[in-house]
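Heads up, the thing below is written out as structure tokens.
In the text below, chain A, chain B and the rest are named by the order of the sequence lines, each starting its count at 1.
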There are 2 protein chains.
Amino acid sequence: MDIFKIQIEGINKESKQLVQKRKIIALLNKAETALPIPVICRGVRISVPTGTKLLNELIEDQIIVEAGKIETDNGRRPVVYKVNPQCGYIVGVEILLKRISVSIFNIEMKEIFEAKDKEFVLENTQDCLAQVLTFIEQCIVSSELETNKFLGVGIGITGRVNAMTGESYNYFNFLENGLTSFISQRLNLPVFIDNDTHVLGISELFFGKAKDARNALVVNLSRGLGLAIIMNGELISGDRGFAGEFGHMQFGDSTKLCICGKRGCLGMEVSGFALEERFKESVENGESSLLLQKNSTDRIRYDSILQAAWQGDALSISLLHEIGIKLGKALGNIVNLLNPGLIILGGKFAIASDILTDSIKSGMTHTALSQPLRSCSIMFSETGADPGLKGAGAQVLYHYGLI
Amino acid sequence: MDIFKIQIEGINKESKQLVQKRKIIALLNKAETALPIPVICRGVRISVPTGTKLLNELIEDQIIVEAGKIETDNGRRPVVYKVNPQCGYIVGVEILLKRISVSIFNIEMKEIFEAKDKEFVLENTQDCLAQVLTFIEQCIVSSELETNKFLGVGIGITGRVNAMTGESYNYFNFLENGLTSFISQRLNLPVFIDNDTHVLGISELFFGKAKDARNALVVNLSRGLGLAIIMNGELISGDRGFAGEFGHMQFGDSTKLCICGKRGCLGMEVSGFALEERFKESVENGESSLLLQKNSTDRIRYDSILQAAWQGDALSISLLHEIGIKLGKALGNIVNLLNPGLIILGGKFAIASDILTDSIKSGMTHTALSQPLRSCSIMFSETGADPGLKGAGAQVLYHYGLI
DNA sequence: TGTAGTTAATAAAAAAATTAATAAACTTGT
DNA sequence: ACAAGTTTATTAATTTTTTTATTAACTACA
């Protein structure tokens with residue numbers, strides 16, 4: 001897919017036309033529907049004859065295809081065009097602590113191949129890296145798609161990641177030139193990377209509820225606690241990609257020691273892990289719960305507690321309320337600091353929206369100023385299955401300016 | 001200055017060339033030195049003949065001027081060009097609680113007229129607004145510059161401001177269409193506005209130490225406490241312009257009631273106001289200070305305490321240390337959240353850099369994670385006089401894409 | 001059913017921009 | 001001091017793009 005790779009090159013004879021071609025592709029890809037020539041030409045600010053010429057060349061290259069005619073109120077009906085869904089493919093990879101998933105998307109981000117939740121143990125070793133690579137390679141082969149049509153690989157991985165340099169600090173940090181350049185060389189494809197929470201943010205930004213918001217927070221509340229910050233319509237990475245370390249915000253009353261070495265980290269009070277701990281404590285103090293009928297206390301994971309809360313278990317609900325209020329207080333502080341128009345609660349906790357929403361809101365009133373609070377709405381993520389995986393893949397489109 | 005106003009209009013016959021002309025102007029204005037034709041043409045990606053043609057038209061319009069020839073290692077010596085400093089002027093206005101300042105800058109942001117620190121009381125009244133307007137008008141007249149050469153007015157004002165809509169929420173909020181459109185109509189000039197802290201951030205971003213930083217925090221520590229956040233090289237305003245309400249971060253141990261109605265606001269512990277309060281308390285508890293020799297406790301303002309600290313007064317220094325540690329703790333939290341590469345301490349407290357720097361750093365270690373902390377340096381503002389005023393004016397250049 | 005009105009697409013003419021060629025100005029090395 | 005090499009600046013030739021004009025396709029209404 002040579003046309004997508006031009007942008008890096010300097011000025012040459014073809015460059016300007018190729019830039020315009022890429023603009024056409026981007027316009028069509030961003031548009032919800034197929035577009036007619038006049039609209040395309042207005043969109044990229046060129047005349048109809050040149051636009052038509054470029055479009056025909058793109059059709060010749062099978063990058064753009066006709067999509068029939070559309071109804072109009074009056075006048076000749078225009079032929080509309082869209083990007084050929086088969087013109088390019090994207091690999092999305094999600095590497096979590098205990099499982100790895102790969103999806104292959106077409107250029108419209110429709111999933112056309114999947115190999116999800118393969119059991120796996122993430123370790124900072126050469127061997128583990130080799131496993132990841134062969135799994136990705138296998139998926140590409142199994143998909144039976146033309147290899148020269150792959151545009152790139154987008155990876156989401158737990159831990160701290162520098163999206164700019166392509167380094168992963170916690171895992172595979174033994175590589176000299178960073179993780180992306182290593183994988184890129186091996187697969188002979190451009191590779192982009194970010195951490196699991198940021199990738200979730202990308203998903204919300206382009207496909208979820210943050211689509212129309214210029215300033216939003218995406219909370220990733222699962223076993224851990226993370227935050228993706230979107231400001232001025234862009235994901236905020238910070239200087240080294242560390243932005244969003246919400247779980248280590250020193251805001252809690254708890255004196256529990258966090259793995260980071262400090263006490264009072266928010267993640268020790270607001271997270272799936274914290275929910276499990278608090279559940280155990282409560283049971284030890286004699287409280288009862290529906291969950292105890294089936295399992296012993298040790299085996300109860302936060303997923304089960306969330307489900308129990310949904311089924312009406314009083315203990316689980318009250319624990320969730322506690323968490324909601326604490327999360328709300330912390331978010332209120334960030335609302336003062338960043339004045340987001342929207343907060344999206346994502347991650348595994350999103351299913352507990354009914355129980356959490358009011359407690360978060362009430363927590364926020366404790367800390368947030370009334371003006372920024374009034375202009376900030378709270379929503380729960382409703383993206384389809386595996387939003388992180390889709391966001392991981394979307395990095396590729398984002399870097400090509402196609403989204 | 002018609003050429004600067006084109007960008008708003010739609011597509012017309014001249015539009016494309018004017019866009020290129022604006023690019024040339026922007027390139028020359030951003031460059032430190034005057035540039036020769038080949039460099040300009042490479043910079044805006046046009047050929048030498050067209051570039052020369054456009055340049056000559058700009059010279060005809062007196063927007064660009066020749067700036068002699070430069071020495072080169074070999075080959076014919078090129079003529080270099082720069083933006084005519086007299087081609088356009090900018091009005092910067094700073095409206096604080098007790099004083100108002102106006103400066104007029106040329107397009108290089110050199111100050112060519114000033115009327116600073118006029119005594120004044122900011123009130124939310126028609127009368128006060130009229131005073132502001134006549135003062136600005138007077139300054140424009142006194143400057144004796146051609147009125148048609150003014151590019152716009154940039155305002156910095158205390159209180160909460162929506163830079164996008166041009167509304168000021170705390171002052172002059174009785175206007176129907178926002179403050180900027182009102183002043184714009186009266187002065188017949190484009191008007192841009194932001195709050196005093198954001199304007200300070202703009203100053204650091206374009207002329208100060210944040211020039212080369214893509215992610216920075218600018219702390220405005222004077223009688224109040226504010227924060228300007230720069231991420232991805234842009235000032236973060238948030239959804240309604242409220243971003244940076246650092247002073248109301250709920251992070252303190254103090255139980256003092258803040259004007260916002262909450263307790264525990266950081267501004268009640270870290271600010272000039274807080275310094276005055278703590279000084280009073282300490283003296284009442286029997287501590288001594290150099291300052292007491294001259295003034296009664298009631299009359300001592302934070303400026304004096306800062307100066308006393310600089311002169312070695314033990315009480316003042318220890319109070320500053322307290323403030324520094326608290327500020328550092330709060331900043332550490334933000335470092336975790338946003339991973340800035342640079343923190344600039346500006347405002348009146350900047351002169352106490354020697355005393356504050358270590359305590360801020362030690363405070364940060366309490367809350368910040370080691371990784372983001374390591375990549376974050378702390379500096380003290382060293383911009384010239386009235387950085388806020390310069391930042392206010394710079395808004396105009398920023399909106400024209402000339403900076 | 002036919003005509004006026006509207007928009008799309010194509011073809012021809014005009015304008016604009018680029019490349020190529022050339023002249024001018026300057027440095028360096030012999 | 002003068003030829004060779006470099007870079008800038010100007011002019012001429014070629015290519016590209018846009019305007020303008022024309023034809024095609026369709027709706028609405030009489």
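A donor and an acceptor atom, one from each side chain of Ser181(B) and Ser184(B), are nowhere located under 3.5 Å apart. Checked by atom type, the side-chain pair Ser103(A)/Glu114(A) shows no donor-acceptor distance below 3.5 Å.
Scanning residues 46-54 of chain B for heavy-atom distances under 4.0 Å to DNA chain C yields Ile46(B), Ser47(B), Pro49(B), Thr50(B), Lys53(B). Looking at residues 26-40 of chain B, you'll see Ile37(B), Pro38(B) sit with a heavy atom under 4.0 Å from some atom of DNA chain D.
Every residue two or more places apart in sequence or in another chain was checked for a salt bridge (charged side-chain N to carboxylate O under 4.0 Å, His left out) with Glu32(B), and none qualifies. Applying the salt bridge (charged side-chain N to carboxylate O under 4.0 Å, His left out) rule to Glu57(B) yields the partners Lys21(B); only residues at least two apart in sequence or on another chain are considered. Shown here are the side chain to side chain donor-acceptor pair (under 3.5 Å) partners of Glu204(B), two or more places apart in sequence or in another chain: Ser381(B).
Rounded to an integer number of Å, the gap from Asn56(A) CG to dA8(C) C1' is 14 Å. Straight-line distance from the CD1 atom of Ile24(B) to the P atom of dA17(C): 11 Å, rounded to whole Å. Between the NZ atom of Lys21(A) and the P atom of dT17(D) there is a distance of 11 Å, rounded to whole Å. With rounding to whole Å, Gln20(A) atom CD is found 14 Å from dT18(C) atom C1'.
The structure places CD1 of Ile155(B) at 5.5 Å from CG of Leu179(B), a figure rounded to the nearest 0.5 Å. Here CZ of Phe105(B) is found 12.0 Å from CZ of Phe113(B). Values are rounded to the nearest 0.5 Å.
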**Prompt:** How does protein reach along nucleotides 25-30 of chain C, written 5' to 3' as B (base within reach of a heavy atom under 4.0 Å), S (only sugar-phosphate), or - (no contact)?
**Reply:** BBS---
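Relative to the ring axis of Phe207(A), Lys390(A) places its NZ or CZ within 45° and under 6.0 Å from the centre.
A 4.5 Å side-chain heavy-atom check between Ile64(A) and Ile24(A) finds at least one atom pair inside the cut-off.
Between Gly401(A) and Arg22(A) the shortest heavy-atom distance is N-NH2, 4.3 Å.
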